[in-house]
There are 2 protein chains.
Amino acid sequence: MTATDDLIDRLPEPPEALARATSQAERVADMLRAFVIDGALSPGTRLSEERLSRKYGVSRNTLREAFRLLSRERLLVHQMHRGVFVNRPTSDDVRDLFSARRSLELPAVRGARGAPEDAVSAVGAAVAEGEAAREVGDWWRMGTANMHFHQALAGLAGSPRIDEFMSQVLAETRLVFHVMNAPEQFHAPYLDWNRRIHLRIAERDPDTAAVELSRYLDTSEEQLVTAFTAMERATGDA
Amino acid sequence: MTATDDLIDRLPEPPEALARATSQAERVADMLRAFVIDGALSPGTRLSEERLSRKYGVSRNTLREAFRLLSRERLLVHQMHRGVFVNRPTSDDVRDLFSARRSLELPAVRGARGAPEDAVSAVGAAVAEGEAAREVGDWWRMGTANMHFHQALAGLAGSPRIDEFMSQVLAETRLVFHVMNAPEQFHAPYLDWNRRIHLRIAERDPDTAAVELSRYLDTSEEQLVTAFTAMERATGDA
DNA sequence: ATCGTGGGATTGTTGAACAATACTTCAATC
DNA sequence: GATTGAAGTATTGTTCAACAATCCCACGAT
């Protein structure tokens, strides 16, 4: 044990980026995930192995590995001998997604008194992002900002696993907006609500914030479900 | 639209079992998942593609699809050019797992007043299962029963997504018991506690139940973390 | 003890092949 | 006209073999 060793031990932890290069399957999965989330691939679309593998220059086997990753995230659904499709959520799914969000967001907000400062400011940043987007009338970015807001709320819990589950739930929620054609306008009226919630958290009054959030989720769910079921009837059930 | 059509429309929904046969990759994943959960494969073990594919008569490609599924569940970890290993949780993971459980179990229990009867009785069944196992001194089955108990608690929320996340969390928790060699004895003293919690739920007093559960989680986490960190120091950190 | 330097083993990825299954088309039947 | 049956076609499911890229280990040199 020399002096050099001591210095080395004190060195900062290895940055995440230094992890060994990602596999092709993961990169393809990342790309497809982005396509699904921002609607380049709409719900119900079938992903042809042959065409995708040719288009992106990867083998079918590699592509299938990516498919497996994404079906575990519920973004794709695998049907035996029929292929993989972009998941098309039903109104039951919408209800369940909100149910899951209640479990994730409300406890996180209620326990926000002890949350670290940067977790709180992340919430504020998401609100600001949304307001900036409203400024220029960018509906799409408003939706993204709203997702960030709720991701930040869940992040108050400080748990990596909850963060990850939350982002899956939000990604799937985004699919809901894609099945209906009325994409992001739903978020517009909620911006001021978000601002209020953030204020309560910032002034360390988490219980009031939780009450507000709970109301938010209720009305948001109701609005979505009714719009969704109306659309389900219109488009034909099956 | 004839009379026959009416009759057909009235037929019960297709049973789940009728879903198209599962793929080989999923079956292999199921098998490996079971191996990991009940310790036939212990944390840190590397899963050789060549040996596994030969042993179970599947191609390396199919095996890799199964690997992708299981690494999304955090049961396996994929290291580029090194292979897949059975996940070996750290003490940080233990803390995070309990954090996640708090978010899942406590809200479910608090909202248990409106839970359907069979969801409540599932909790009771898990308690009974644990007591039966204690009767015969079957420690392993006691651990399983305890997992079922907490799965049933989360099930009170009535959300498929929460159920699924919970089972992943519990599966990973089981890995924690495998890294330490003291497998399931940890569960023994908690059986009476479980019984009490179930009683509170059954008599529709969810708030008291939640308080009890919260205390349970606190002490259980503390005991596990201390035992775990002690072991980490003993076995060598890295 | 540390540092290079092969050599061997394992994974990463591809391409082709074939079987199994689903979909489509079209003719035959009621 | 709608339904059934029977090809034929397209796509997925799975395997195999090959090769490149990378890691790991052991050996020898400093």
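Below, chain A is the first sequence line, B the second, and so on; all start at residue 1.
- Distance, A:Q79 CD to D:dT12 C1': 12 Å, rounded to whole Å.
- Look at CD on B:E65: it is 13 Å from P on D:dT12, rounded to the nearest Å.
- In this structure, NE2 of B:H81 is placed 18 Å from P of D:dC19, rounded to the nearest angstrom.
- Per the geometry, CG belonging to A:L76 stands 15 Å off C1' belonging to D:dT12, to the nearest Å.
- Looking at heavy-atom distances under 4.0 Å, B:R51 makes no contact with the nucleic acid at all.
- Put simply, CG on A:N61 is 10 Å from C1' on D:dG13, counting in whole angstrom units.
- Ring orientation note: the planes of B:W140 and B:H178 are close to parallel, at an angle under 30° on the 30°/60° scale.
- Ion pairing between a basic and an acidic side chain is recognised when a charged N comes within 4.0 Å of a carboxylate O; A:R60 and A:E50 show no such pairing.
- When each of C:dT13, D:dT15, D:dT12 is scored by its nearest atom to the side-chain atoms of A:E49, the top-ranked nucleotide is D:dT12.
- Between the CE atom of B:M80 and the C1' atom of D:dA20 there is a distance of 12 Å, given to the nearest Å.
- Taking 4.0 angstrom as the limit, B:H78 places none of its side-chain polar atoms (N or O) nearer than this to OP1 or OP2 of C:dT11.
- Distances from the side chain of B:R60 to the nucleotides D:dA18, D:dT15, D:dT14 place D:dA18 closest.
- Proximity of A:T62 to the phosphate of C:dT14: a side-chain N or O atom is located under 4.0 Å from OP1 or OP2.
- Each of B:G83 and A:L63 was matched to the nucleotide of DNA chain C holding its nearest heavy atom; the match closer to the 5' end belongs to B:G83.
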Inset, instruction - I would like to know whether B:R174 and B:T144 meet side-chain contact (heavy atoms from CB on, under 4.5 Å); could you show each step before the answer? - result: CA-CA 9 Å; B:R174 201 123 223 212; B:T144 308; 3.3 Å; yes

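- Under 4.0 angstrom from either OP1 or OP2 of D:dT15 there lies at least one side-chain N or O belonging to B:Q24.
- B:R64 places its CZ atom 10 Å from the P atom of C:dT14, with the value rounded to the nearest Å.
- Note on A:R54: nothing from the nucleic acid sits closer than 4.0 angstrom, heavy atoms only.
- Comparing C:dT11, D:dT15, D:dT11 against the side chain of B:R46 picks out C:dT11 as the nearest.
- Within the 4.5 Å cutoff, the side chain of A:T173 has heavy atoms near those of the A:R101 side chain.
- Here the C1' atom of nucleotide C:dG12 and the CZ atom of B:F67 are 13 Å apart, to the nearest Å.
- At a threshold of 4.0 Å, the pair B:D93-A:R161 counts as salt-bridged, since one of the basic side-chain nitrogens sits closer than that to a carboxylate oxygen.
- Ranked by how close their nearest DNA chain C nucleotide is to the 5' end, B:L47 and A:G57 are led by B:L47.
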